[in-house]
Number of protein chains: 4
Amino acid sequence: MAASTPAVSRVAPRRGVALRETKFDRRLAKILVHAIEVFYEKGYEGASMRHLSRSSGMSLAGMYYYFESKEKLLYLIQKHTFATIVERLRERLKDVSDPEQRIRVFILNHLEYFLANQKAMKVLSHEDDVLKNSYGAEIRAIKREYYRICVELMDALKADRGIEFNSRIAVLSLYGMMNWIYTWYNPRVDADAKELALQMGDIFLRGVGSGRYGKHAAKKRSVN
Amino acid sequence: MAASTPAVSRVAPRRGVALRETKFDRRLAKILVHAIEVFYEKGYEGASMRHLSRSSGMSLAGMYYYFESKEKLLYLIQKHTFATIVERLRERLKDVSDPEQRIRVFILNHLEYFLANQKAMKVLSHEDDVLKNSYGAEIRAIKREYYRICVELMDALKADRGIEFNSRIAVLSLYGMMNWIYTWYNPRVDADAKELALQMGDIFLRGVGSGRYGKHAAKKRSVN
Amino acid sequence: MAASTPAVSRVAPRRGVALRETKFDRRLAKILVHAIEVFYEKGYEGASMRHLSRSSGMSLAGMYYYFESKEKLLYLIQKHTFATIVERLRERLKDVSDPEQRIRVFILNHLEYFLANQKAMKVLSHEDDVLKNSYGAEIRAIKREYYRICVELMDALKADRGIEFNSRIAVLSLYGMMNWIYTWYNPRVDADAKELALQMGDIFLRGVGSGRYGKHAAKKRSVN
Amino acid sequence: MAASTPAVSRVAPRRGVALRETKFDRRLAKILVHAIEVFYEKGYEGASMRHLSRSSGMSLAGMYYYFESKEKLLYLIQKHTFATIVERLRERLKDVSDPEQRIRVFILNHLEYFLANQKAMKVLSHEDDVLKNSYGAEIRAIKREYYRICVELMDALKADRGIEFNSRIAVLSLYGMMNWIYTWYNPRVDADAKELALQMGDIFLRGVGSGRYGKHAAKKRSVN
DNA sequence: TATGAATGAGTGTTCATTCAT
DNA sequence: TATGAATGAACACTCATTCAT
């Protein structure tokens, strides 16, 4: 899948050649793909530059021609992954106006990308807080943006249905549901992204669905 | 809180009498508390024995009198944390028979423990797959057990209500919702465990709540 | 010579035992002696911790038990060397009151120590500006102190003889004369410290010696 | 100043005509100027080819078109600097015959060049012993030559005045005085080359000036 | 019961240099 | 005439762990 091959912005100054993908870019992308694999397997801290170098078939020193540091490597992966998911979401959201459908689009987009790029997504989710300084700030900015979009989706739903719930908790719960996947998803036993999106969408949308508690409204809700 | 102080099983042969908590146990527990702090802050791979020794005030070599390895340290933390949460769940479940209430108990138990032991719970969740071999096997066994309990709770609910949904997805989604909180929970802005359990319980229970889709049943559920 | 064996203050916290020189101190001193040798031979930048470790017979990692960094190693050497030379100077100056004799004492003290500890003195002189931050500040403080002492000696001489010359240039010229010897001194062809001190003392003292230019006063001094 | 721009002998085979300064030479000279700056700032060992390339704006690989190695670069700098100072000295010495004046010319020449090319002169003085093999041998040859000239100047002075002193110590002391400048000279507080040459010339010439010890001859010279 | 002393293997990163183009 | 791409060796330093005491 093309989108999972990071077409990262160059690390070293280059003389342009605008549209054509350069050899440098291709090599860099290849390394990133291997790095995702290794980070996925061992975690960021657990993965050494030597592991990364071995896995990508490039010399240890050679890596540094493409990346100035291990941190930058993670940053590039996270940035590309996150930016892509947001970009695609925006694209898909354009065509849909119904508030509930928009949330379903959000869920489907997230899960489809997640399952198609499971490893990168684990690296994004799991190494959430390792990037510091400016790299970290940039990633956190995208994260905030993604969060904002989802909160707006929630607010629209609330307005549309005339219901009330805590958007923050709702959004964060939804994220949890979806992001946790990387800990359990097994393509041989679990449904595909579409079906999963349907099920999680049902749970979530029905869950926040109305101010009343439906037919079980009378039930005791709290546990002493 | 007593339960959050790990009364870990001994590591080295002991000459002590059975029931009395020995000095060894107390020191060991103290080290574990500090280790949780450091693992929480730096992650398992990022935390070095030197960090752990510094933080607990014990000499580097001294640590090895209490633990045979860094891995064992993580194992002890995860084992104790997980075992405690399961133990408490069983306790609480004894008094409740209504299927929905039992699930609410499950959620409350999880969240209460999670928030009261946030750091340990992050260490449990985040370092999910670092333990290999027998240590890992043991932790995975508890995990399976915890999972089984929750699946049974779901099955009981389905039987009771005469509804149908995928228990696996439901359980795992619920886990995701709950475990994800270590990435976002902020005691200054977010509600306490009880309230959170209520809200997540609502979302989840209402979400899986009925075979029908309530008043919005006619809505298009799938996204192209 | 005892004084050339650095009895450095400990690097790691120790429980005192005040007066007795500990095993730690002895090992540390031994390493310092080897380090001086290597720094002398290769320069600070050119000497690697591997060289130092090889030369002292201690494992690379072992070195870091005694010193927290290569910089600290240099600092310890420079501090001890410089502090000792100043200390000895003060001692010797106590017994002498005649201004000229005091300068001769200064020169002799410097040269004697220089030749007895030629390698350490080269490391002190040649690696003058590599230490930054607090280490460097401390060394520079001692240097300023040493300089001050010498300036005072000059001022006393001027007052005593009723002559005038630029103390700064005089002191710095004298330093140059003396410190430069590490570039050329050859014990097989050059005189010992006492004789050298006599000769340099003559050149210097006679050189600044009187306001008049002696019998050659009429000579043209400047070069177009 | 033309003379401070190293018109170095070419490194690579040239097809060019003899007398005209080629583009190659000019580029090479430009690199040398930048290299002096970097060696001055970081020292030879501390300066990397990357630093040098960055500072001169030429690609890392490009440097090797002009220089076959980092060592050669230092050699070129030292050779040119040293050769120029000797050449100029010879020039100036031609017009002067009085022994004392000749020494004053020597001092002035040295100091003027030193201060006008302070950075290059530090690189010459400070990296005195890093060049090995044939490069080093060549530099050492010039050094010996320069030393010989100065010794001859001293011998002429001794013959002229009928005095006796150790020429070796005298020359080397004079060198020390002068070369040490790079460690302390501050153009904002210190006099210019002419004045400095006067003062150092006075100290030195008066210092070696006569077999007798002038009016203080009776003074005790040695320090026990 | 605990630690000072020590280490081999590994960390991320930079080095001077090469070579095809 | 110059450089992009690449590398083996080295860099300072930290790792988890051991063992005599």
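In what follows, chains carry the letters A, B, and so on, assigned in the order in which the sequence lines appear, proteins first and then strands, with residues in each chain numbered from 1. Keep in mind that this is a model prediction, so the values were computed, not measured.
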A.B. asks: Does B:H34 use its side chain to pair, donor to acceptor, with the backbone of B:L52 at less than 3.5 Å?
C.D. replies: no
A.B. asks: Test side-chain contact (heavy atoms from CB on, under 4.5 Å) on D:L32 and D:Y66; report intermediate values, then the result.
C.D. replies: CA-CA 10 Å; D:L32 282 180; D:Y66 291 94; over 6 Å; no
A.B. asks: Under 4.5 Å between any side-chain heavy atoms of B:K79 and B:Y75, yes or no?
C.D. replies: yes
A.B. asks: For each nucleotide in nucleotides 13-19 of chain E, reading 5' to 3', give B when a protein heavy atom comes within less than 4.0 Å of its base, S when such contact involves only the sugar-phosphate, and - otherwise.
C.D. replies: BBBBBBB
A.B. asks: Provide the closest heavy-atom pair for C:M49 versus C:L60 in the form atom of the first, atom of the second, distance.
C.D. replies: CB-CD1, 3.6 Å
A.B. asks: Kindly express the pairing pattern of DNA chain E in dot-bracket notation, using | wherever a base pairs with another strand and counting only Watson-Crick or G-U pairs under 3.5 Å.
C.D. replies: .||||||||||||||||||||
A.B. asks: Is there side-chain contact between C:R50 and C:S53, with at least one heavy-atom pair below 4.5 Å?
C.D. replies: no
A.B. asks: Any non-hydrogen side-chain atom of C:V123 less than 4.5 Å from a side-chain atom of C:T81?
C.D. replies: no
A.B. asks: Rounded to whole angstrom units, what separation is found between the CZ atom of B:F24 and the P atom of E:dT1?
C.D. replies: 8 Å
A.B. asks: Would you list the atom pairs, donor with acceptor, under 3.5 Å between side chains in residues 36-47 of chain B and any protein atom, with sequence neighbours excluded?
C.D. replies:
from  : atom 1 : to     : atom 2 : distance (Å)
B:E37 : OE1    : B:K119 : NZ     : 3.0
B:E37 : OE2    : B:K119 : NZ     : 3.0
B:Y44 : OH     : B:E71  : N      : 3.2

A.B. asks: Roughly how many Å is it from CG in C:L28 to C1' in E:dG4, rounded to a whole number?
C.D. replies: 14 Å
A.B. asks: Rounded to the nearest angstrom, tell me the gap between atom NZ in A:K23 and atom P in F:dT3.
C.D. replies: 19 Å
A.B. asks: Given E:dA2, F:dT3, F:dT7, identify the nucleotide with an atom nearest to the side chain of D:M58.
C.D. replies: F:dT3
A.B. asks: Report the distance from atom CE of D:M63 to atom P of F:dA2, rounded to the nearest whole Å.
C.D. replies: 13 Å
A.B. asks: Would you say E:dA2 has OP1 or OP2 under 4.0 Å from some side-chain N or O of B:Y65?
C.D. replies: no
A.B. asks: Which whole-number value in Å describes the distance from D:R26 CZ to F:dT1 C1'?
C.D. replies: 14 Å
A.B. asks: If every non-hydrogen atom of D:L131 is compared with every non-hydrogen atom of D:Y135, which pair is closest and at what distance?
C.D. replies: CG-CB, 3.9 Å
